[in-house]
Amino acid sequence: MQQEYEAAAVERAAQDYWLKNASFAAEPADGRGADRETFYCLSMFPYPSGKLHMGHVRNYTIGDVIARVQRMRGYQVLQPMGWDAFGLPAENAAMDKGIPPGKWTRDNIDAMRDQLQRLGFGYDWSREFATCDPSYYRWQQWFFLRLWEAGLVERRNAVVNWDPIDQTVLANEQVIDGRGWRSGALVEQREIPQWFIRITDYADELVDDLDQLEGWPDAVRTMQANWIGRSRGVEIDFGLADRDTHLRVYTTRPDTLYGVTYMAVAPQHPLAREAAAGDPEVARFIEELQRSATSEAALETAEKRGMALGIDAIHPLTGARIPVWTANFVLMAYGAGAVMAVPAHDERDHAFAHAYGLPIRSVIGADASGPADISDAAFTERGVLHHSDAFSGMDSATAFEAIAQHLTEAGQGRVRINYRLRDWGVSRQRYWGCPIPVVYCEDCGAVPVPDDQLPVRLPEDLTPDGSGNPLAKDPDFLHCDCPRCGKPARRESDTFDTFIDSSWYFARFASAFSNQAMLDDGARRWMPVDQYVGGVEHAVLHLLYARFFTKLMRDQGLLDCDEPFKRLLTQGMVVAPTFFQEGGDGRRRWFNPLDVQLQRDERGAVLSATAVADGSAVQVGGIEKMSKSKNNGVDPQAMIDAHGADAVRLFMMFAAPPDQSLEWSDAGLEGASRFLRRLWRQVHDHLARGAVSTPPSLDSDAKALRRQLHETLQKIDADVTRRQVFNTAVAACMELLNAVSRVDQDNAAMHAVVRETLEALVRVLSPITPHIAHALWLALGHDTPVIDAPWPQPDPGALEADEVTLVVQVNGKLRGRITVPANASQDDIIARATADEAVARHLGGQPLRKQIVVPGKLVNLVV
RNA sequence: GCCGGAGUGGCGGAAUUGGUAGACGCGCCGCACUCAAAAUGCGGUUGGGCAACCAGUGUGGGUUCGAGUCCCACCUCCGGCACCA
């Protein structure tokens, strides 16, 4: 056995072994493991951009560690991998490099699969698929048609970013400061017909079931609940002066109804359109409002602007005339696309009223003494009503019900549950996506493609040119016969939002071999996913859509679970320092962290940085997410080549808890590599001492090491399985190895305890650094691989201690330490504590006012 | 703007239920080994002070015998905002 640790050879040997034995097949042909309980561990599949980045490595290392631990704990584990292969970057690559998106994507997949294998992840590769495989998207089209039959699909108009020069729809990402990214043209809002899936039908269930998701971070559950935004309010119909129609608004604050001083409607609201038709000034204004990006962030941060429409509404209770305005902060997609404005009790209405000189009428006060002073800011809390006729004096909650009842009886309103959540627009005017299986016929309208004609295949040889969707210009794709009447018809050229692709892939992995159905028994057996791992940035959209699709699949009889992911771990970003030099023109030239040398003072604080290449001074920027634009990305492959996959995996798990951002550090990686070499050496030095003999009894040093071992096992088990923090588990392993390096193994009892310790260490480290553990486990004399060894359990007998050390505080300040028998009484402890020399000095002979004893931890004496 | 999160030594981070602040690692300093360097090993490392001790977890208040942890107000940074994935 070699004395030097050589990562490359060790890793190749382990990977060859796993591959040859199909070690990670979830359901092996020989049936092994079939009697075990199942555990489905899934990491979010990657977009095949071409190369793994550190974020991927982190994500998949976390998932692999969890999967390997559960396997050792006795579960039959499924850990699959695949590719989220549709999306914009393939179209961009096609435009930049002239490579067809399909070829670009599949080449990328091959490169990234190879990288994943070199990291030693224990995937069941037999289940691999890409979402751009017709055998996958075929079932997505099929499922869409089932949803259509179930009345959950609609076609209606929606707003998109329109680039008037390139004549194309832009993604929000492609809009930069309100302009198209390629043309530089001012983006406009344009309405086009699109397909929608009625997620709002499931809004109640999606919010209610969040309570079941005990294995999810609270922050994610809160964000989803806020996103769905269920509220109880009142829908109020305001009459319109001089016409027989009305203006419908929704409010959660009917108690402020007497404070309404104007109405505001979205620029797309029918009333605004009507006013625009009769007044060119309004028309121009609305057109101007539409000249902006569609993202909510853009709309909400835009300057608040509005214009009176010259239409009056009638207050339903007072009969007063109220001017109707149109304003850019009212969203057509929320509620009725119109609001009653109460500037006294709403911040935004308040600011708007100030800007446009609209009246402000305070009708709520903190108490019965009078309405709140709203000269500086709105009073937005609930309180007591004033100047509100018969409702004056009521508190807000009572008034809510009373006013709602009054309006209901008068036929002017009704209580309504409303959601912030909007139906899911799934049409995209893009080429590289799953075709929507619909045909348009002059006579029959929109017709579903019959099941036996699925899949509607995406032609893979088209080249986008930046001006619209090439599918819409491809006669071979476009022209077809109407499936219903046979007349010449036109195929839908929009493709699905790629979020659909990722809303059911987890179920398909469990049914990966099914040719005859979207899902088979495998999905019922493996679903729900026991552990899902992925980036926080998916906390709302992807995770909400996946939950929604799970409920849809359940209601179609395809699944029997309500939720897709039992436990969720949202991992933080990988960040790195940035370095740059500023040129004469103010442009920054960014340096990769690996190309920079740091100068430090004698304490180790960074003073300055220079370029490795020529020694010129480089400025130190902030610590930011790894990105191409800041050139602070570190290529995982180079790190694996230099230090090995195990060192990279170990560093990733050690440098930060999984849900926090992780700062890349070259030196930290070297530290991880050092630890592995030390472990290798300790094991081989130990083995060189020969066979272990079982001693009749342990001396106190051997007992102490053994206690530390089992305390560490207890801690690691809790860290890894319950808390899911791996950095502290690794730290505990490091401490344990440090302890081993300090003991004297000439002592036979100690030699035996060291063997026990090293065997346990190799096992608990094996999920994180599986290759070196594979080699060391065999070196320790085992003939089955460490992946089949059981997860070590702490021995309760080894944990018992005779004495404990307590901290003694006087008035909450640390003044001393005492060691007492583990079973000492409270009186004994106080007596020992007051006898301590330093403690006695601080007590100064004063009588004890209070004494607090926390068993096993501390004593606090108060004087 | 709205929603969510974070802020602790020179740096990454630890402190699990309100109970020893700084585990573990990096960096830095010193020593050993070496002709020398690298590698490796050993020791030190929050700040101030000779010490006793004092101060200290973004800022300002509060609750408590005791606060990094709980409460109130604020500051800064990060993530999401429905067509990036």
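Sequence lines set the chain letters: A, B, ... in the order given, protein chains first and strands last, and positions in each chain run from 1.
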Original post:
Taking N and O atoms by type only, does the side chain of A:K857 place a donor or acceptor under 3.5 Å from a partner on the base of B:U20?
Top reply: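 No such pair is found, so the answer is no.
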Plane angle bin for [Y] and [X] - parallel if under 30°, tilted between 30 and 60°, otherwise perpendicular:
X: A:Y202; Y: A:F548; answer: perpendicular
X: A:H56; Y: A:Y60; answer: parallel
X: A:Y532; Y: A:Y505; answer: tilted
X: A:F86; Y: A:W432; answer: perpendicular

Original post:
Which heavy atom in A:R58 sits nearest to a heavy atom in A:P657, and how many Å separate them?
Top reply: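 That would be NH2-O, 2.9 Å.
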**OP:** Please report the shortest heavy-atom distance between A:L806 and A:G856, naming the atom on each side.
**Re:**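 Minimum heavy-atom separation between A:L806 and A:G856: CD2-C, 3.4 Å.
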Examine the side chains of [X] and [Y] and answer whether a donor and an acceptor come within less than 3.5 Å of each other.
X: A:N469; Y: A:D494; value: no
X: A:T728; Y: A:D719; value: yes
X: A:N161; Y: A:T294; value: yes
X: A:E492; Y: A:W195; value: yes

With a non-hydrogen cut-off below 4.0 angstrom, is [X] in contact with a base, only sugar-phosphate, or nothing?
X: A:R723; result: base
X: A:T301; result: base
X: A:D659; result: nothing
X: A:A731; result: base

Original post:
Taking only side-chain nitrogens and oxygens of A:N738, does any of them come within less than 4.0 Å of OP1 or OP2 of B:C24?
Top reply: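 Result: no.
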Original post:
At under 4.0 Å, does any side-chain N or O of A:N727 touch on OP1 or OP2 of B:C24?
Top reply: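 No, outside the criterion.
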Original post:
Between B:U20, B:G5, B:A23, which nucleotide gets closest to the side-chain atoms of A:A219?
Top reply: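 Nucleotide nearest to A:A219's side chain: B:G5.
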Subject >> Base versus backbone protein contacts along nucleotides 76-85 of chain B [heavy-atom cut-off under 4.0 Å; B, S, -] >> reply: --SBSBBBSB
Original post:
Just by protein heavy atoms under 4.0 Å, how would nucleotides 51-56 of chain B read 5' to 3' in B, S and -?
Top reply: -SSSS-
Original post:
Just wondering, more than 12 heavy atoms not from A:D744 lying within 6.0 Å of its CG?
Top reply: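 Counting neighbours around CG of A:D744, more than 12 heavy atoms of other residues, nucleotides or ligands fall under 6.0 Å, so yes.
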Pairing of [X] and [Y] as salt bridge, 4.0 angstrom limit:
X: A:R182; Y: A:D163; answer: no
X: A:R420; Y: A:E296; answer: yes
X: A:E837; Y: A:R841; answer: yes

If you restrict it to nitrogen or oxygen atoms, what contacts under 3.5 Å exist between nucleotides 64-74 of chain B and the protein, and what is each distance?
residue	atom	partner	partner atom	Å
B:C65	OP1	A:K850	NZ	3.3
B:C65	O2	A:N860	ND2	2.4

Original post:
For RNA chain B, what residues of residues 175-182 of chain A have any heavy atom nearer than 4.0 Å?
Top reply: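 The stretch gives none, as no residue of it lies under 4.0 Å from the strand.
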Original post:
Pick the nucleotide of RNA chain B nearest each of A:V220 and A:P657; which residue has the one closer to the 5' end?
Top reply: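 Taking each residue's closest nucleotide, the earlier one in sequence belongs to A:V220.
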When the [atom1] atoms of [N] and [M] are considered, how many whole Å apart are they?
N: B:U16; M: B:G10; atom1: C1'; result: 28 Å
N: B:A39; M: B:G30; atom1: P; result: 16 Å
N: B:G41; M: B:C50; atom1: C1'; result: 32 Å
N: B:G22; M: B:U76; atom1: P; result: 32 Å

Original post:
Aromatic ring centroids of A:F651 and A:W664 under 6.0 Å?
Top reply: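 Close enough - the centres of the two rings lie under 6.0 Å apart.
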Original post:
So what's the dot-bracket for RNA chain B: Watson-Crick or G-U pairs under 3.5 Å, [ ] if a pair crosses, | if it pairs off-strand?
Top reply: (((((((..(((......[....)))((((((.......))))))(((....)))..(((((..]....))))))))))))....
Original post:
Taking syn as any angle within 90 degrees of 0 and anti as the rest, which one fits B:G27?
Top reply: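 Classified anti.
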**OP:** Using a 4.5 Å cut-off on heavy atoms from C-beta on, say whether the side chain of A:W424 contacts that of A:I500.
**Re:** yes
**OP:** Evaluate the side-chain proximity of A:L861 to A:I830: yes if any heavy-atom separation is below 4.5 Å, no if none is.
**Re:** yes
Original post:
Which of these passes side chain to side chain contact (heavy atoms under 4.5 Å, CB included) with A:V764: A:V720, A:L713, A:T712?
Top reply: A:L713
Original post:
With A:F499, which of A:W504, A:Y545, A:F549 fulfils ring pair (Phe, Tyr, Trp, His ring centres under 6.0 Å)?
Top reply: A:Y545
Sub-3.5 Å pairs of nitrogen or oxygen atoms, protein against nucleotides 39-42 of chain B:
residue	atom	partner	partner atom	Å
B:U40	OP1	A:R677	NH2	3.0
B:U40	O3'	A:R681	NH2	3.3
B:G41	OP1	A:R681	NH2	3.2

